[in-house]
There are 2 protein chains.
Amino acid sequence: MAVTIKDVAKLANVAPSTVSRVIANNPRISEQTKKRVREAMETLGYHPNFNARSLAIKSTKAIGLVMPSSVDKVFQNPFFPEVIRGISTMAHEREFAIYMSTGQNEQEIYDGVERMIHGGRVDGVLLLYSRIDDKIMTLLQEKKFPFSVIGKPYQHSEHISHVDNDNFRAGKDVTEYLIKLGHKQIAFICGSLDLVVTIDRVLGYKKALEDANIPYQDEYVVQEEFLNDGGMAGFKKLMTLPAPPTALIVKDDLLSFSIMGMIDKMGLSIPEDISLISFNNLMLSEFTRPPLTSVDIDIFKLGYYAAECLLDQLDSPDQEVKQVIVPHTLIKRQTCHRI
Amino acid sequence: MAVTIKDVAKLANVAPSTVSRVIANNPRISEQTKKRVREAMETLGYHPNFNARSLAIKSTKAIGLVMPSSVDKVFQNPFFPEVIRGISTMAHEREFAIYMSTGQNEQEIYDGVERMIHGGRVDGVLLLYSRIDDKIMTLLQEKKFPFSVIGKPYQHSEHISHVDNDNFRAGKDVTEYLIKLGHKQIAFICGSLDLVVTIDRVLGYKKALEDANIPYQDEYVVQEEFLNDGGMAGFKKLMTLPAPPTALIVKDDLLSFSIMGMIDKMGLSIPEDISLISFNNLMLSEFTRPPLTSVDIDIFKLGYYAAECLLDQLDSPDQEVKQVIVPHTLIKRQTCHRI
DNA sequence: TTGTAGGCGTTATCAG
DNA sequence: CTGATAACGCCTACAA
């Protein structure tokens, strides 16, 4: 049996409540007894029982992470490890632990979150994505359970704590950059249109085209899934349009890596035949040949500040929700070429 | 206030203990009352409180993950996301949650683990690495706290539950492969010699050389850290030995990616001037140019089975500890060349 | 400044 | 088959 507060109390010749106060560093305890109690804790190797404490004070000092469904795909993308790194750095600073529940599909994840919050496993939740009509976000709002979002909530974003890049701006920036290089046929290989990040970036893309008087063409915007389904087929279709794109904006570097492979196989070369720019600036992106031009969205900070927003919210629940925009930077390497 | 077992009891007109039995699906409760209670739970939206339950039964249905120090480095390496994917798949199958505590250095991590196990946050622990004289492993053994290791424990490995590749064999395999291609000057850029995986692989490397009557040379075995410190300097030193290596065995693909960059910068080309083989077979390894020859160590399974070993141990504590060897496969691509 | 007692939400033991 | 009742380890009034 583990050593409890009572054992310590007995050894130190005080009441359990006194020990409890020493743990909480209650100022109304004399330094003398504090010292005595601490010694007792030391010799006994006492460690407080989190479950008992959580039960009593209704707080766990842990936050829960919610990832988009299917761990499979999630962890293949370096985005998540990096964002978790940011989160866990902040969590550690504030002495919080991290809790993950996983599931293969939406429903399983939803159930996991429900157990997490109702079961009192965590004090708050971090949503690592933002999509349209997300059931989990609705749940959290209904239950008034503290949470923070990485990405911009689709609705009521002003009232929800979140951390995001300015994705409209980022989409506009990359497009303008390509336009400045002389490109007019610019395709956008984007992520799921459920995701707010996709929506924002495409909006920025359209705005940049509009500002430059370049007509927007539907065939130029293709979703990632569309590519995967047909293997190379989807991509080939894009590249054999009557007016094939001379430049590609790609959802993220990871996808770019495989697209670079496809382009290679088609006998085209980057950047002479086609320009390529994408998002995330993964560590590996500077090692590809040619090195990848990419938008650094500072994934680490996204996680770091999101955790901070959540923890601040837990500290002072009535305060206004915080929102943070993490700046992005265009890292020009060698996959974009003047036309 | 959340809805408790008592509220359910009241609504269903039974005693709290009966509700508890329904939750546990105790066979000695009539189907009738079970149904009634379940309806009550439904209408009230009841969810059991994990902390209370954990306190009562002294089990949390959660396992803790221990990663090597410095989250920084850890998460940059796709090994960890992938191993966590395996772990979380199994954890989910058995309805366990995952708990992570983090720290910037050894001591912080040690403290985190101590809180984790004494505080009753987790039922068992998974060590995601194995090194010589690891304090945390010692702690776990002393406290007789259930744990399982990914990698081979340095000592008493027969008595410790663990999952690993046959790393001696893997090191031998790659070396023999290069020897068969005619190489005699084979360098090994390995990880820290504290890590058991490194030790095993180097042993395999030496054995292969010995079997082929190729004298072992100390200068050919260089640790990764040695490279990083001097940037390219360390690598250049290796490549400008009186008898520079014609083939490189590299710790993992990630490191290979940057080494490929260095080789490129030095004006050498792969595999004509130098052959390269490494471990882990990351998803991206087939997209490099040339595609990387690599040993697939099946990281996912490493995690999956390690979690299984741990959970089995929790289910039946007195059983013999399990050990699993995950087979590896040499994936021949285009970075190795006959000399 | 410190001790006493009751409660946090469950489960388990023992009656009935 | 079901109902009291006492733990589990800690916290917090309230009392002293």
Side-chain angles (χ1 to χ4, degrees), chain A residues 1-41 44-62 114-123, chain B residues 1-38 40-41 44-62 95 114-123:
Chain A
M1 185 61 54
V3 25
T4 81
I5 212 170
K6 285 183 193 167
D7 304 318
V8 178
K10 214 168 290 174
L11 182 62
N13 261 316
V14 293
S17 52
T18 305
V19 178
S20 174
R21 289 187 183 105
V22 173
I23 295 170
N25 204 8
N26 187 317
R28 308 188 316 186
I29 299 286
S30 75
E31 280 307 321
Q32 271 209 5
T33 45
K34 268 189 189 173
K35 195 174 153 234
R36 199 148 41 91
V37 170
R38 289 206 177 106
E39 281 171 8
M41 299 199 312
L44 256 41
Y46 168 79
H47 287 266
N49 180 313
F50 274 102
N51 294 310
R53 142 175 279 171
S54 300
L55 187 58
I57 68 178
K58 294 174 177 324
S59 149
T60 56
K61 284 273 199 181
E114 213 162 29
R115 281 198 301 270
M116 203 146 81
I117 68 179
H118 290 124
R121 289 240 208 213
V122 298
D123 294 344
Chain B
M1 184 61 55
V3 24
T4 80
I5 213 171
K6 286 182 192 168
D7 304 319
V8 177
K10 215 169 289 174
L11 183 63
N13 262 317
V14 293
S17 48
T18 304
V19 178
S20 174
R21 289 190 183 97
V22 174
I23 294 170
N25 205 6
N26 188 316
R28 308 189 314 187
I29 299 287
S30 75
E31 281 305 323
Q32 270 209 4
T33 45
K34 268 190 190 173
K35 196 173 153 233
R36 200 147 41 90
V37 170
R38 289 204 177 109
M41 300 199 310
L44 256 39
Y46 168 80
H47 286 265
N49 180 314
F50 273 103
N51 293 310
R53 144 177 280 172
S54 299
L55 187 57
I57 68 179
K58 293 177 175 326
S59 148
T60 57
K61 284 270 198 184
E95 298 199 292
E114 212 163 29
R115 282 198 300 273
M116 205 146 80
I117 68 179
H118 290 124
R121 290 241 207 211
V122 299
D123 294 343

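Residue numbering restarts at 1 for every chain, and letters A, B, ... go by the order of the sequence lines. We use all heavy atoms of the structure for the numbers below, so side chains are in, but hydrogens, waters and symmetry mates are not.
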> Which nucleotide sits closest to the side chain of B:Asn49: D:dC11, C:dG9, C:dG3?
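Between D:dC11, C:dG9, C:dG3, the one nearest the side chain of B:Asn49 would be C:dG9.
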> Please determine, for the side chain of B:Arg21, which listed nucleotide (D:dT2, D:dC10, C:dG9) has the closest atom?
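The closest nucleotide is D:dT2.
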> Is A:Ser30 close enough to C:dT2 that one of its side-chain N or O atoms is under 4.0 Å from OP1 or OP2 there?
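Yes, within the criterion.
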> Compare the minimum distances between each of D:dC10, C:dT11, C:dC8 and the side chain of B:Ile57, then state the nucleotide with the smallest one.
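Output: C:dT11.
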> Under 4.0 angstrom, heavy atoms only, what part of the nucleic acid is A:Val19 near: base, sugar-phosphate, or nothing?
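No contact at all - A:Val19 keeps every heavy atom at 4.0 Å or more from the nucleic acid.
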> Nearest heavy atom decides the nucleotide; on that basis, is A:Ile29 or A:Leu55 closer to the 5' end of DNA chain C?
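Of the two residues, A:Ile29 wins.
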> What is the distance from atom OG of B:Ser17 to atom CD1 of B:Ile29, rounded to the nearest 0.5 Å?
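B:Ser17 atom OG to B:Ile29 atom CD1 measures 8.0 Å (nearest 0.5 Å).
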> Tell me: CZ of A:Arg28 to C1' of D:dC14, nearest whole Å?
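Rounded to whole Å, this separation is 11 Å.
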> To the nearest angstrom, how far is A:Asn51 atom CG from D:dC10 atom P?
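Taking atom P of D:dC10 as the reference, CG of A:Asn51 is at 10 Å.
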> Roughly how far, to the nearest 0.5 Å, is the NE2 atom of A:His47 from the OG1 atom of A:Thr4?
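Rounded to the nearest 0.5 Å, the OG1-NE2 separation comes to 13.5 Å.
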> Below 4.0 angstrom from OP1 or OP2 of C:dT2, is there any side-chain N or O of A:Thr33?
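The answer is yes; a side-chain N or O of A:Thr33 sits under 4.0 Å from OP1 or OP2.
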> Looking at D:dT2, C:dT11, D:dC10, which one has an atom nearest to any side-chain atom of B:Ile5?
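Ranking D:dT2, C:dT11, D:dC10 by closest atom to the B:Ile5 side chain puts C:dT11 first.
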> Return the nearest nucleotide to the side chain of B:Lys58; candidates are D:dG9, C:dG3, D:dG3.
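Output: D:dG9.
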> Measuring from the side chain of A:Ala56 (C-beta onward, heavy atoms only), which nucleotide among D:dC11, C:dG9, D:dC8 has the closest atom?
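Selected nucleotide: D:dC11.
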> Are the side chains of B:Ile23 and B:Arg53 in touch, meaning some heavy atoms are under 4.5 Å apart?
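Yes, close enough: below the 4.5 Å cut-off.
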> Tell me the interatomic distance from A:Asn26, atom CG, to D:dA13, atom C1', rounded to whole angstroms.
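Whole-Å distance recorded here is 13 Å.
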> Within the side chain of A:Asp123, is there an N or O that forms a donor-acceptor pair under 3.5 Å with the backbone of A:Lys61?
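Checking the backbone N and O of A:Lys61 against the side chain of A:Asp123, a donor-acceptor pair under 3.5 Å is found.
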> Report yes if at least one side-chain N or O of A:Ser20 is closer than 4.0 Å to OP1 or OP2 of D:dC10; otherwise report no.
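It does not, given that no N or O in the side chain of A:Ser20 lies less than 4.0 Å from OP1 or OP2 of D:dC10.
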> Can you figure out which of D:dT5, C:dG3, D:dC11 approaches the side chain of B:Ser17 most closely?
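Among the listed nucleotides, the one closest to the side chain of B:Ser17 is D:dT5.
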> Do you know which two heavy atoms are closest between A:Phe50 and B:Arg115, and how far apart they sit?
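That closest heavy-atom pairing would be CE1-O, 3.9 Å.
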> Looking at A:Asn49, A:Thr18, A:Val37, A:Val19, which one forms a side-chain contact (heavy atoms from CB on, under 4.5 Å) with A:Ile5?
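Exactly one pass, corresponding to A:Val19.
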> Atom CZ of A:Phe50 to atom P of D:dC11: distance rounded to whole Å?
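That distance rounds to 11 Å.
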> From CG of B:Asn13 over to P of D:dT2, roughly how many Å is that when rounded to an integer?
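Nearest whole value for this atom pair: 13 Å.
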> Output the single nucleotide from D:dC10, C:dT2, C:dG9 whose closest atom is nearest the side chain of B:Ala52.
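Nearest to the side chain of B:Ala52 among the choices is C:dG9.
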> Whole Å only: how far is the NZ atom of B:Lys6 from the P atom of D:dG3?
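Spelled out: NZ on B:Lys6 to P on D:dG3 is 15 Å.
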> Tell me what A:Pro48 touches on the nucleic acid: a base, only sugar-phosphate, or nothing, going by heavy atoms under 4.0 Å.
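Since only primed, P, OP1 and OP2 atoms lie under 4.0 Å of A:Pro48, the category is sugar-phosphate.
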> Between A:Arg53 and B:Lys34, which has a closest nucleotide on DNA chain D that is more 5'?
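Its nucleotide being nearer the 5' end, the pick is B:Lys34.
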> Could you tell me whether a side-chain N or O of B:Asn51 sits under 3.5 Å from a main-chain N or O of A:Gly120, the two making a donor and an acceptor?
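Side chain of B:Asn51 to backbone of A:Gly120: a pair is present.
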> Between D:dC10 atom P and A:His47 atom NE2, what is the distance in whole Å?
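Rounding to the nearest Å, NE2 of A:His47 and P of D:dC10 are 12 Å apart.
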> Just report the end-to-end axis angle for the helix from C:dT1-D:dA16 to C:dG16-D:dC1, five pairs per end, to 10 degrees.
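That helix has its two terminal axes inclined by roughly 40°.
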> B:Arg121 CZ to D:dG9 P: how many Å, rounded?
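Spelled out: CZ on B:Arg121 to P on D:dG9 is 17 Å.
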> Rounded to the nearest 0.5 Å, what separates atom CE in A:Met41 from atom NZ in A:Lys34?
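Here the interatomic distance stands at 11.0 Å.
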